[in-house]
Every structure is written in C-alpha cells, then in structure tokens.
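Predicted, not measured: the structure shown is a model, and the values here were computed from it. Each chain gets a letter, A, B and so on, in the order its sequence line appears, and its residues count up from 1.
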Number of protein chains: 2
Amino acid sequence: MTLIPPTRLKPRKNPVQARAKATVDAIFEATAQVLLSEGLARLTTNHVATRAGVSIGTLYQYFPGKEALLYALVEQLLDQVACQIEEACAAAERPTLDDCAALFVETYFAAKTGDPEKARALYLASSHLEMSALVSRTIVRLQDAAAQMLRRCPEVRAAPPDEVVTCWVAVVTGGTRQILEDTNSAMLLPGFHIELTRLSSAYLRSAFSSGPKRSDG
Amino acid sequence: MTLIPPTRLKPRKNPVQARAKATVDAIFEATAQVLLSEGLARLTTNHVATRAGVSIGTLYQYFPGKEALLYALVEQLLDQVACQIEEACAAAERPTLDDCAALFVETYFAAKTGDPEKARALYLASSHLEMSALVSRTIVRLQDAAAQMLRRCPEVRAAPPDEVVTCWVAVVTGGTRQILEDTNSAMLLPGFHIELTRLSSAYLRSAFSSGPKRSDG
DNA sequence: AACCAAGCTGAGGGTTTGCTCATATATCTG
DNA sequence: CAGATATATGAGCAAACCCTCAGCTTGGTT
C-alpha cells in the first residue's frame with residue numbers, strides 16, 4: 001500500500017466477485033505450499049496454478065508474472081505481522097520495561113508461530129532481491145511501534161536512542177527467524193520466546209535504567 | 001566434510017593442478033558475484049561460467065549441477081566462520097561473562113563484515129531448501145564453542161543451560177543477518193556490534209549471576 | 001430471456017536453462 | 001621427445017519455463 005512497486009510487480013487487477021477472491025486466495029495458498037515443498041528454485045507459475053486448482057491463464061489475469069505473485073504474497077504476510085505489532089504496542093498505556101519486552105516479543109512470536117509454515121514460506125520468498133525494500137519498510141514500522149511504546153514507559157526519560165531500538169528489533173526478528181528456519185532446534189521452540197523475553201528485559205534495563213535508580217534531576 | 005551430501009550435491013572431482021585450483025576459485029568468486037548482482041533466481045550455470053571467464057564445460061567438470069555449486073560455496077563460507085569462532089572461543093582461558101560476550105560477538109561480527117558482500121551472497125544462497133542441514137550443523141558448532149567457553153568462565157558454576165546458549169547464538173547470528181541484509185540500516189552498522197555486545201553482556205549476566213551472588217551450596 | 005461483464009481455460013509459441021560430448025590444449029613423467 | 005593424464009572449450013540438444021490469446025462459462029442486471 002505505502003510502497004509504489006514498479007508495474008512489473010503490481011497485481012494486474014483485483015478480484016471483485018466472491019469466486020474470484022477465492023481464486024486469488026487459492027493461488028496465494030498454493031504459492032506458499034509450493035514454496036515449502038519445492039523451494040524457491042522450483043516454484044513455477046504452472047506448478048502454482050496446478051496446485052491451486054486453476055488454469056495457468058487465470059493466474060496471469062491477476063499477476064503479470066511470477067515475481068509479482070511473490071511480491072504480493074510477501075506484502076500481505078509482512079503487513080499482517082506489522083499490524084499486529086502496531087496494535088499491541090499502541091494498546092500499552094503506561095508499560096514497565098518488562099511489559100515492553102514481554103509485549104513485543106510475545107506478539108511478534110505469536111504472529112510468526114501462529115502459522116509457522118507461512119512464516120517459513122515468507123522467509124523463503126523474501127530472499128528474492130526485490131523484496132528487500134518491502135522488508136526494510138516493515139522493519140521501520142516495527143521500530144517505530146517499539147520506540148513509541150518505550151517513550152510511554154515511565155522508566156524511560158528521553159526518546160530511546162536509535163541504536164538501541166534498531167538492535168532490539170533486529171535481535172528479536174532475526175533470532176526468531178533463526179529458530180523458525182532451523183528445523184533441528186524446532187523442538188525447543190516452545191521455550192524460546194521465554195528466553196527471548198528475558199533477554200529483552202535484561203537489555204532494555206541495561207539501556208534505560210542502568211544506574212541504581214538515578215533519582216530526579 | 002563432516003556431512004555426507006547426496007551425490008547430486010557433491011563435487012565431481014577436486015582440482016589437483018594449480019591452474020585448476022584457480023579455475024575453481026574463479027567459479028566460486030563468480031557465483032558470489034552473480035548472486036549479488038542478479039539474485040538467486042537469475043543465477044544460471046552459463047552466466048556463472050561466463051563471469052568466471054571459463055567455459056561452461058569446465059564448470060560441469062567440477063560440479064554436477066547448479067545446486068552442487070551453491071552447496072560447495074555455502075559449505076566453504078560457513079566453515080570459515082565456524083572455524084574462526086571455535087578458535088577464538090577456545091583461546092579464552094578464564095574469561096569473565098563480559099569477555100565471553102565481547103569475544104563471541106566481535107569475532108562473529110568481524111567474520112561476517114570482513115567481506116560483507118560474501119556474507120550477503122551466503123544468505124541468498126543458503127535460502128535454498130537443501131542447505132538447511134548445512135546451516136544447522138554450523139549453528140551447532142557455534143553453540144558448542146560458546147557453551148565450552150562459558151563453562152570455563154568462573155562466574156558460571158554449572159553447565160550452561162541449552163535454552164540460554166541456543167537463544168544467545170540465535171540472537172547474535174540472526175540479529176547480525178538482519179542488519180547485514182537490510183540495506184537501509186547499513187549506515188548504522190558500525191555501531192551495531194557495540195550494542196550487540198552490551199545486549200549479550202546483559203543477557204548472560206541475567207542468566208548466570210542473577211541473584212546477588214548466591215554463595216556456595 | 002437477453003445481454004454483458006467478469007472470470008476461466010489450456011494448447012502452444014518463443015525463450016531460457018541445464019547439461020553433454022567430441023575435440024583441443026596444457027602439464028607432468030620418464 | 002613421447003605418451004599419459006589433467007584440464008579446458010563451446011556448439012547444440014532436450015527439457016523446462018513464462019506467458020499469450022481466442023474462445024468458453026458463470027454471475028448479475030434489466
């Protein structure tokens with residue numbers, strides 16, 4: 001929405017009838033499935049169309065090409081995550097640092113693990129060079145949401161420094177990705193968000209209330 | 001080396017003469033370059049051979065296919081990083097927690113940013129489904145190196161819990177990836193490893209010296 | 001019913017890609 | 001030098017792929 005993708009990446013038209021909406025959904029769903037079962041290299045438009053149960057011509061009525069299809073999928077999935085984070089962060093009125101840590105981590109983690117397959121598909125698809133702007137944009141949204149939440153935190157006096165917010169968001173998103181993509185560590189996944197919350201609390205405290213309660217100046 | 005890849009992914013033969021070694025190196029180099037300039041989708045064997053200045057036939061004498069080429073490249077780059085970490089961690093004899101944090105982060109960060117282009121190429125290539133085992137293996141090596149270093153740390157009494165090591169390593173590697181891949185935040189990259197070190201120190205302290213020096217039991 | 005968008009189909013043209021193989025050159029060994 | 005081995009070449013074929021288009025079906029409106 002906010003971004004202006006080149007024509008090559010924009011959808012050709014949006015579905016208006018209910019049946020067409022179902023078709024597009026099926027195409028998205030099929031794309032994610034093929035991505036997971038075959039990998040990005042073997043993802044072909046014909047294969048996606050077949051898996052979606054529609055003809056190849058139908059696919060090309062909505063998307064000008066393979067890349068546009070992936071672009072739309074990534075855009076959709078990223079937007080869902082960003083919206084959930086923004087909503088959750090905005091809802092915290094006077095959070096403690098620990099609240100901030102828990103809220104951000106839990107929300108992000110839940111958004112990702114709610115449908116781990118889709119999350120993995122997203123990681124695969126977003127490795128396409130042209131998606132990087134989309135990812136960047138989403139990261140900025142997360143950073144802004146986090147920074148504004150921290151600013152409403154009584155323990156935080158001034159505006160939180162960029163490096164801290166950047167580092168924190170990078171570490172939460174990157175760490176989660178690492179765990180989700182590593183099929184080996186998938187077993188101890190349930191405990192991960194707890195550790196990640198502890199880590200976040202420790203970091204935020206060390207960044208914002210470092211001295212022993214430096215009283216009012 | 002440690003892994004036993006299916007024939008489809010193993011190199012066909014190793015170069016023995018110096019000239020052949022140079023050829024294989026050129027192919028690797030060209031692969032990384034094409035990966036960065038064209039992306040994984042447009043990486044073709046013909047294109048790589050051209051960029052390397054060798055004939056397509058030559059490429060196929062050493063690698064049975066495109067995937068094997070990528071596999072070998074990823075294997076090489078991952079091994080370099082793991083070796084550097086293992087070496088650095090093993091060299092620390094009686095480190096403090098802060099030493100551990102700094103050593104691991106600085107070494108990993110230096111290994112990645114020493115050649116950021118190659119690091120980015122690695123991320124692109126490793127998104128191929130079949131590389132996940134290779135990545136997993138490397139992560140385990142990093143975890144082991146970190147765990148053994150922590151065990152030699154006077155502030156750490158017992159063996160460090162798996163969740164902590166897993167979380168820490170995931171966060172350092174994942175966070176670094178996030179920063180390296182995001183071209184926007186590339187500018188404040190120089191400060192990132194400092195924050196990451198602070199974060200690591202804070203986390204390790206909260207995990208290992210949480211109470212006020214719970215004396216011997 | 002008659003009409004018109006909107007939606008769907010899938011064979012096939014043109015292109016790209018992966019890979020082979022017959023041939024040629026370079027390096028080594030005795 | 002002569003033979004053996006290692007290395008390099010690149011035209012070209014089979015397969016895979018992207019995408020179009022002319023015609024067909026479905027849903028909605030009057």
Side-chain angles (χ1 to χ4, degrees), chain A residues 6-31 34-35 37-73 125 128-130, chain B residues 6-31 33-35 37-73 124-125 128-130:
Chain A
T7 315
R8 212 176 80 266
L9 294 177
K10 259 187 304 195
R12 269 191 172 136
K13 70 176 181 188
N14 292 340
V16 305
Q17 298 180 5
R19 146 176 88 129
K21 284 201 178 71
T23 298
V24 172
D25 278 352
I27 291 175
F28 277 140
E29 187 63 40
T31 306
V34 173
L35 221 36
S37 63
E38 310 288 324
L40 186 56
R42 273 188 275 277
L43 180 122
T44 72
T45 46
N46 287 282
H47 200 154
V48 168
T50 304
R51 175 88 61 119
V54 304
S55 125
I56 179 62
T58 299
L59 190 154
Y60 277 93
Q61 268 190 336
Y62 296 102
F63 305 99
K66 182 165 76 157
E67 287 165 353
L69 171 59
L70 284 169
Y71 192 91
L73 179 69
H128 242 256
L129 233 42
E130 281 157 311
Chain B
T7 315
R8 211 176 81 268
L9 294 178
K10 259 189 299 194
R12 268 192 174 136
K13 71 176 180 190
N14 291 343
V16 305
Q17 299 179 4
R19 152 175 83 128
K21 284 200 178 73
T23 298
V24 172
D25 278 353
I27 291 174
F28 277 140
E29 187 62 39
T31 306
Q33 282 178 22
V34 173
L35 220 36
S37 63
E38 310 289 325
L40 185 57
R42 273 188 277 277
L43 180 122
T44 72
T45 48
N46 288 282
H47 200 155
V48 167
T50 303
R51 175 86 62 120
V54 303
S55 122
I56 179 64
T58 299
L59 191 154
Y60 277 95
Q61 263 188 339
Y62 297 101
F63 305 98
K66 183 164 78 156
E67 286 165 352
L69 171 60
L70 284 169
Y71 191 91
L73 179 70
L124 249 21
H128 242 256
L129 233 43
E130 281 158 312

When you measure from the side-chain N and O atoms of Thr45(B) to the phosphate of dG18(C), is any distance below 4.0 Å, counting only OP1 and OP2? yes
Find the distance Gln61(B):CD to dG18(C):P and express it as a whole number of Å. 18 Å
Sequence-distant partners of Phe28(B), ring pair (Phe, Tyr, Trp, His ring centres under 6.0 Å), two or more places apart: Phe63(B)
Listing time: all N or O pairs from protein to nucleotides 27-30 of chain C that are below 3.5 Å?
none

Rounded interatomic separation in angstrom, taking CG from Leu69(B) and C1' from dC19(C): 14 Å
To the nearest 0.5 Å, what is the distance between CG on Leu59(A) and NZ on Lys66(A)? 11.5 Å
Could you measure the distance from the CD atom of Gln61(B) to the CZ atom of Arg12(B)? Nearest 0.5 Å is fine. 9.0 Å
Tell me which of Gly57(B) and Lys13(A) sits closer to the 5' end of DNA chain C, going by the nucleotide each one is nearest to. Lys13(A)
Considering non-hydrogen atoms only, spot the tightest contact between Leu35(B) and Ala125(B) and give its length. CD2-CB, 3.7 Å
Does Tyr60(B) place a side-chain N or O at less than 4.0 Å from the phosphate oxygens OP1/OP2 of dC19(C)? yes
5' to 3' on DNA chain D, which nucleotides open and close the contacts with chain A (atom under 4.0 Å from a heavy atom)? dC17(D) to dG27(D)
Is there a side-chain contact between Thr23(A) and the phosphate of dC8(C), meaning an N or O under 4.0 Å from OP1 or OP2? yes
Report the residues that fulfil salt bridge (Lys or Arg N to Asp or Glu O under 4.0 Å) with Glu38(B), sequence neighbours left out, ordered by chain and then residue number. none
Glu67(B) CD to dT17(C) P, in whole Å, measures 16 Å
What is the distance, rounded to the nearest whole Å, between atom CG of Asn14(A) and atom C1' of dA5(C)? 17 Å
dT16(C) C1' sits how many Å from Arg42(B) CZ, rounded? 12 Å
Quick one: are Ile27(A) and Thr31(A) in side-chain contact, heavy atoms under 4.5 Å? yes
When we call it a touch if two heavy atoms are under 4.0 Å apart, what does Arg8(A) touch: a base, just sugar-phosphate, or nothing? nothing
Could you list the donor-acceptor pairs under 3.5 angstrom formed between side-chain atoms of residues 41-54 of chain B and any protein atom two or more places apart in sequence or on another chain?
from: Thr44(B); atom 1: OG1; to: His47(B); atom 2: N; distance (Å): 3.0
from: Thr45(B); atom 1: OG1; to: Tyr60(B); atom 2: OH; distance (Å): 3.2
from: Thr50(B); atom 1: OG1; to: Asn46(B); atom 2: O; distance (Å): 2.9
from: Arg51(B); atom 1: NH1; to: Gln33(B); atom 2: OE1; distance (Å): 3.2
from: Arg51(B); atom 1: NH2; to: Ser37(B); atom 2: OG; distance (Å): 3.2

In whole angstrom, give the distance that lies between atom OH of Tyr62(B) and atom C1' of dG18(C). 19 Å
Position toward the 5' end of DNA chain D (nearest nucleotide), Ala20(B) or Asn46(B): Ala20(B)
In a table with atom names and distances, give each donor-acceptor pair under 3.5 Å that connects a side chain of residues 16-25 of chain A to protein atoms at least two apart or in another chain.
from: Lys21(A); atom 1: NZ; to: Val16(A); atom 2: O; distance (Å): 3.4
from: Thr23(A); atom 1: OG1; to: Arg19(A); atom 2: O; distance (Å): 3.1

Can you find an N or O donor on one side and an acceptor on the other, under 3.5 Å apart, linking the side chain of Thr58(A) with the base of dG7(C)? no
